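In this text the structure is predicted, and so the values were computed from the model without any measurement.
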Amino acid sequence: PIITGITQGTVTRENVALSFNDGTGVLDGSAFSSGETVASEGGHTLTVTDATGNTSNVTFTIDKTPPVVLGVVHNAIQNTSVSPTFTGGTATLNGNLFLSGTTVGAEGFYTLVATDEAGNSTQVIFTLDFTAPAVGGVVDGVVTNSSFTPTFSDGTATLNSQSFLSGTQVSAEGAYTLVATDVAGNSTLVAFTIDRTPPLVIGVANNAFYRFSVSPIFGEGTGTLNG
């Protein structure tokens with residue numbers, strides 16, 4: 001008998017309509033009529049026997065399940081390297097051949113496409129970002145009596161653990177810690193102090209006249225005497 005609709009050893013993701021020109025058919029141990037469609041996933045064997053005992057066989061596989069990709073999450077943005085794996089077939093990363101388990105460590109935007117023998121495919125898009133946000137408008141470690149208007153390039157920020165919007169003016173006296181964090185988890189910390197309180201000088205009074213030596217003391221900063 002002649003069997004049509006599939007060739008021996010084919011792996012496909014499509015339903016298969018099988019026909020034969022003579023005899024009776026058995027698919028995976030159950031009666032099968034010419035022209036029926038096979039839709040179930042798995043390995044299948046059709047045996048057709050004619051009236052004189054001649055037989056024909058065809059074995060094929062229906063696979064509708066896309067490859068499973070592990071080691072990276074679709075649409076992830078992160079600041080660590082990844083080592084994606086896939087369950088079967090072949091893969092490309094940004095259009096280039098990719099071997100399962102290879103480490104991806106360079107910054108950038110990536111598209112991984114894994115395709116199995118049947119043509120099923122899984123696409124995973126991810127971004128590796130190792131660059132911390134840029135903070136402007138203030139310098140780490142500065143102590144000044146001026147206001148600041150800190151800005152940051154991306155992500156979110158806290159100022160002394162409270163939510164902070166880029167471009168907000170900070171003018172109150174105090175010690176501040178600004179932490180800007182992007183969506184990948186990279187962060188930049190800037191500490192600064194606004195101090196508008198003059199140093200306290202003791203041991204001498206302003207515009208005073210003395211007939212004895214004095215020893216002025218001030219609690220912070222530096223001092224000059226007569227210039």
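In this structure Tyr210 satisfies the ring-ring contact (aromatic ring centres under 6.0 Å, His included) test together with Phe212, sequence neighbours excluded.
In summary, the side chains of Gln123 and Thr111 do not present any donor paired with an acceptor at a separation below 3.5 Å, with no hydrogens or angles considered. When only modelled atom types and interatomic distance are considered, Thr55 and Thr49 share no side-chain donor-acceptor pair under 3.5 Å. Side-chain N/O atoms of Thr61 and Asp63 include no donor and acceptor closer than 3.5 Å. In the model, Thr158 has no side-chain atom that pairs as donor or acceptor with a side-chain atom of Ser161 under 3.5 Å.
With hydrogens and angles ignored, the 3.5 Å screen pairs no side-chain donor or acceptor of Thr144 with any backbone N or O of Ile194. No donor-acceptor distance shorter than 3.5 angstrom exists from the side chain of Glu36 to the backbone of Leu18, with no hydrogens or angles considered. Of the possible polar contacts, none joining the Thr149 side chain to the Gly167 backbone as a donor-acceptor pair under 3.5 Å is found. In terms of modelled atom types and a separation under 3.5 Å, the side chain of Thr87 and the main chain of Val68 share a donor-acceptor contact.
Note that the OG1 atom of Thr122 and the CG atom of Asp116 stand 8.0 Å from one another [nearest 0.5 Å]. In this structure, Arg196 CZ and Ser146 OG are separated by 7.0 Å, a value rounded to the nearest 0.5 Å. Once rounded to the nearest 0.5 Å, the distance linking CG of Leu27 with OG1 of Thr47 reads 8.5 Å. The distance from atom CG of Asn186 to atom CG of Asn79, rounded to the nearest 0.5 Å, is 4.5 Å. Between the CG atom of Leu112 and the OG atom of Ser121 there is a distance of 10.5 Å, given to the nearest 0.5 Å. Remark: Leu178 CG to Thr151 OG1 distance equals 9.5 Å, nearest 0.5 Å.
Evaluated for a side-chain contact (heavy atoms from CB on, under 4.5 Å) with Phe32, the options Thr24, Val26, Leu46 yield exactly one hit, Leu46. Put simply, the residue from Asp28, Val16, Val58 that forms a side-chain contact (heavy atoms from CB on, under 4.5 Å) with His44 is Asp28. Under the side-chain hydrogen bond (donor to acceptor under 3.5 Å, both in side chains) test applied with Glu173, the options Thr197, Asn145, Thr193 reduce to a single match, Thr197.
No single ILVMFWY cluster, assembled from side-chain heavy atoms under 4.5 Å apart, contains both Leu93 and Val113. By the rule that hydrophobic residues join a cluster once side-chain heavy atoms approach within less than 4.5 Å of another member, Ile6 and Phe20 end up as members of one cluster. Residues Ile202 and Val204 do not share a hydrophobic cluster, defined by chaining ILVMFWY side chains whose heavy atoms lie under 4.5 Å apart. Cluster annotation: Leu159 is connected to Val142 through the hydrophobic network of ILVMFWY side chains, with a link wherever side-chain heavy atoms come within less than 4.5 Å.
Looking at heavy atoms from C-beta onward, Thr168 lies out of side-chain contact with Pro150 at the 4.5 angstrom threshold. For the pair Pro67 and Asn120, the minimum side-chain heavy-atom distance is below 4.5 Å.
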Q: Starting from the C-alpha separation in whole Å, work towards a yes-or-no answer on side-chain hydrogen bond (donor to acceptor under 3.5 Å, both in side chains) for Asp129 and Thr127.
A: CA-CA 6 Å; Asp129 175 8; Thr127 300; over 6 Å; no
Q: For side chain to side chain contact (heavy atoms under 4.5 Å, CB included), just list the numbers for Val104 and Leu128, CA-CA rounded to whole Å, side-chain angles, deciding distance to a tenth of an Å, and then say yes or no.
A: CA-CA 9 Å; Val104 183; Leu128 299 186; 3.9 Å; yes
Q. How far apart are the C-alpha atoms of Lys64 and Asn15, what are their side-chain angles, what is the distance that settles it, and do they pass the side chain to side chain contact (heavy atoms under 4.5 Å, CB included) test?
A. CA-CA 9 Å; Lys64 301 178 181 180; Asn15 296 340; 2.6 Å; yes
Q. Does the pair Phe60 and Val38 meet the rule for a side chain to side chain contact (heavy atoms under 4.5 Å, CB included), with working shown?
A. CA-CA 11 Å; Phe60 60 97; Val38 184; 4.2 Å; yes
Q: Could you go through the side chain to side chain contact (heavy atoms under 4.5 Å, CB included) check for Arg13 and Ile62 one step at a time?
A: CA-CA 5 Å; Arg13 59 180 175 171; Ile62 297 177; over 6 Å; no
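Under the side-chain hydrogen bond (donor to acceptor under 3.5 Å, both in side chains) criterion, no residue pair touches residues 88-97, with sequence neighbours excluded. Within the structure, every pair that satisfies the ring pair (Phe, Tyr, Trp, His ring centres under 6.0 Å) test and touches residues 89-147, not counting sequence neighbours, is listed here: Tyr110-Phe126.
What you find for Ser187 and Ala132 is that their closest heavy atoms are O-CB, 3.6 Å. Nearest heavy-atom pair across Ala157 and Ala180 is CB-CA, 3.9 Å. Nearest heavy-atom pair across Gly223 and Phe218 is N-CZ, 3.4 Å. Closest approach of Ser83 to Gly101, counting heavy atoms only: CB-O, 3.8 Å. When all heavy atoms of Ser153 and Pro133 are compared, the closest pair comes out as OG-CA, 3.5 Å. Shown here for Asn57 and Gln8, the closest heavy-atom pair between the two residues is O-OE1, 3.8 Å.
Residue-environment remark: CD (Gln78) exceeds the threshold of 12 foreign heavy atoms within 6.0 Å.
Ring-plane geometry between Phe152 and Phe164 is classed as tilted, the angle between the planes lying from 30 to 60 degrees on a 0 to 90 degree scale.
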